[in-house]
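Take a look at the structure set out below.
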Amino acid sequence: MTSDEIIINGGRPLKGRIEVRGAKNLAPKAMVAALLGQTPSILRNVPNVSDIRVVAGLLALHGVLITKGDDPGEWRLDPSNVEQAHHADIDAHAGSSRIPILFCGPLLHRLGEAFIPDLGGCRIGDRPIDFHLDALRKFGAVVEKLPSGISLTAPNGLKGANIELPYPSVGATEQVLLTSVLAEGQTELRNAAIEPEIIDLICILQKMGAIITVEPNRVIFIEGVKELRGYDHRAIFDRNEAASWASAALATGGDVFVGGAKQEEMMTFLNVFRKVGGDFDVHDDGIRFWHPGGPLKPVTIETDVHPGFMTDWQQPLVVALTQAEGVSTIHETVYENRFGFTDALNKMGADIRVYKDGLHDETRRVLRREFEQAAVITGPTPLSGAEIEVPDLRGGFSYLIAGLTAEGQTKVTNLGIISRGYENFIEKLRQLGADFIFES
Ligand code: EPZ
């Protein structure tokens, strides 16, 4: 047995309390933002996940001094000696994360140039960066595509621009925010993403001295300033991890208190959780999610940008829907290939049909997208143990839930991918009474 696999004896409800810390989809971006400051920054509530370690490595390569603070999850970032890293060193990080693309603006501001390695990230679609590069060009960057990544310069500096995104892309919105705050003049961003993690990044930039106004109708207005200082910020909680543990509680008939979870950022998920038959209680220090007994009910879900149902929430929830009495439908409108993980669930006894061209449904409320797909889940179907390999981050967590829900033993391999976004998930499974074999 290797430390990259776990054998789960399923059929036991998860019960107990776990804590979620800072959002995997905010903390690394906040670390990149520290590059923009003239003085050191402090980021708190940072989760111990591999995406953080990748970004820390890249920042260190560029001369940022990174030290751990006194409190757990506290990182100190001192960008005083930022210099250009050697391409070969940066290359070593190629394919490990999508975050490096967000180094463009900060490095162009600090060094006048940037080299970004080929990106990684979950295989849930093409994951293009055309919105990012188009925006950078509008700021005045010159982009050169190289065999191993992209090289950028800003011969005339970076100037504010009017940018309208073709789609409210989280990454492209972050790209514009991190570039515009020190650009000369004003930037107006239209059709911006407004996810809670985006608002948290705006709070960080505002603490640094940036002038950013979130206007109605997805418009963000940024007035460039001459310089920024460091920040002291506690990262927003990870709502995707919280929703994943909630789905595990539902699928296993359990009762899980997720410390650190907050209602406001999870409202759409909480509605669906209740409609499927789960119950929840909001406390000051977290949310209790439990299966109150009785059958789970089928639902129709359309994933969407915030405040819609988050695409990252659907994969863990699918396992609970395999236990619901009836037919559920999920319209995946954000990514064009996010149902690959369902093959393994069908191997375990689920009945999930994927429609690669999506499904027409007159009752739809979310704008239909060209590449969307749909999955139809018919339940309840008892799941039986199997050997399955983690395909991507959220699909991987759904495999843990499937193993916990199935009768018999399930061997889940390629666990490393789950460590990208779920801090100490093995320990948390132990805390919640899961029965498994794992050799670290
Ligand atoms: C972020 O990815 C998150 N990742 C994703 O979470 C999340 O699912 C996604 O936002 C949507 O909320 C991180 O923050 C690290 P996008 P990002 O740009 O920024 C298309 C997880 O499980 N697009 O909003 O890459 C793109 O193909 C991960 O934690 C372009 O076409 O997402 C997709 O269809 C998965 N061109 C859509 O926009 C571009 O230049 C949304 O992508 C950029 C994006």
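One-based numbering, in listed order, for ligands and for the atoms of each. What you see below is based on every heavy atom in this structure, not just the backbone, and it leaves out hydrogens, waters and symmetry mates.
- Contacts between Asp130 and ligand 1 below 4.0 angstrom, taking non-hydrogen atoms only, involve backbone and side chain alike.
- Considering only residues two or more places apart in sequence or on other chains, Tyr355 meets the side chain to side chain contact (heavy atoms under 4.5 Å, CB included) condition with Arg353, Leu359, Ala374, Val376.
- Here the CD1-CD distance, from Ile101 to Gln175, works out to 5.5 Å after rounding to the nearest 0.5 Å.
- With ligand atoms numbered from 1 in the order given, ligand 1 contributes 37 (C), 38 (O), 41 (C) to contacts under 4.0 Å with heavy atoms of Tyr167.
- By the 6.0 Å and 45° rule, Arg369 stacks over the aromatic ring of Tyr167.
- Looking only at protein heavy atoms, the nearest one to atom 19 (O) of ligand 1 is Gly171 N, 2.8 Å.
- With a heavy-atom cut-off of 4.0 Å, Val305 does not touch ligand 1 at all.
- In the vicinity of His132, heavy-atom distances shorter than 4.0 Å reach the ligand 1 atoms 40 (O).
- Considering CZ of Arg368 and OG1 of Thr333, their distance stands at 10.5 Å, rounded to 0.5 Å.
- In this structure, Pro128 has a heavy atom closer than 4.0 Å to ligand 1.
- Near Val334, with a cut-off below 4.0 Å to any heavy atom, the atoms of ligand 1 are 33 (C), 34 (O), 37 (C), 41 (C).
- When the options Glu197, Glu195, Glu264, Glu265 are evaluated for a side chain to side chain donor-acceptor pair (under 3.5 Å) with Arg239, the one that passes is Glu197.
- What sits closest to atom 22 (O) of ligand 1 on the protein, heavy atoms only, is Arg394 NE, 2.9 Å.
- Defined by atom type and a distance below 3.5 Å, a donor-acceptor pair is missing between the side-chain atoms of Asn45 and His233.
- Contact annotation for Lys24 and ligand 1: only side-chain heavy atoms (C-beta onward) come within less than 4.0 Å of the ligand.
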Next item on the list: Determine, stepwise, if the pair Glu144 / Ser151 fulfils side-chain hydrogen bond (donor to acceptor under 3.5 Å, both in side chains).
Entry: CA-CA 5 Å; Glu144 184 189 355; Ser151 172; 4.5 Å; no
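- Between the side chain of Asp4 and the main chain of Gly416, a donor-acceptor pair closer than 3.5 Å is present.
- Residue, atom and distance of the protein heavy atom nearest to atom 23 (N) of ligand 1 are Phe131 CE1, 3.7 Å.
- Of the protein's non-hydrogen atoms, Ser169 OG, 2.7 Å is the one closest to atom 18 (O) of ligand 1.
- Closest of all the heavy-atom pairs between Ala320 and Leu296 is O-CD1, 3.7 Å.
- Looking from atom 6 (O) of ligand 1 to the surrounding protein, the closest heavy atom is Asp312 OD2, 3.0 Å.
- Atoms of ligand 1 lying under 4.0 Å from at least one heavy atom of Met310, given by number and element, are 12 (O).
- The closest approach between any non-hydrogen atom of Arg338 and ligand 1 is below 4.0 Å.
- Each of the following atoms of ligand 1 lies closer than 4.0 Å to a heavy atom of Arg98: 25 (O).
- Taking atom 24 (O) of ligand 1 as the reference point, the nearest protein heavy-atom neighbour is Val170 N, 2.7 Å.
- Not a single heavy atom of Glu197 sits closer than 4.0 Å to an atom of ligand 1.
- The N/O atoms of Glu174, backbone and side chain alike, include none that comes under 3.5 Å of an N/O atom in ligand 1.
- Within a 6.0 Å radius of CZ in Arg190, other residues, nucleotides and ligands contribute 12 heavy atoms or fewer.
- Near Lys29, meaning under 4.0 Å from one of its heavy atoms, ligand 1 places the atoms 13 (C), 14 (O), 15 (C).
- Closest protein heavy atom to atom 42 (O) of ligand 1: Tyr335 OH, 4.0 Å.
- Neither side chain, Glu387 nor Thr410, offers a donor N or O lying under 3.5 Å from an acceptor on the other.
- Of the protein's heavy atoms, Asn25 OD1, 3.4 Å lies nearest to atom 15 (C) of ligand 1.
- Applying the side chain to side chain donor-acceptor pair (under 3.5 Å) criterion to Lys24, with sequence neighbours excluded, gives no partner residue.
- Atom numbering of ligand 1 starts at 1 in the shown order; those under 4.0 Å from a heavy atom of Thr311 are 8 (O).
- A donor-acceptor contact closer than 3.5 angstrom is absent between the side chains of Gln431 and Arg17.
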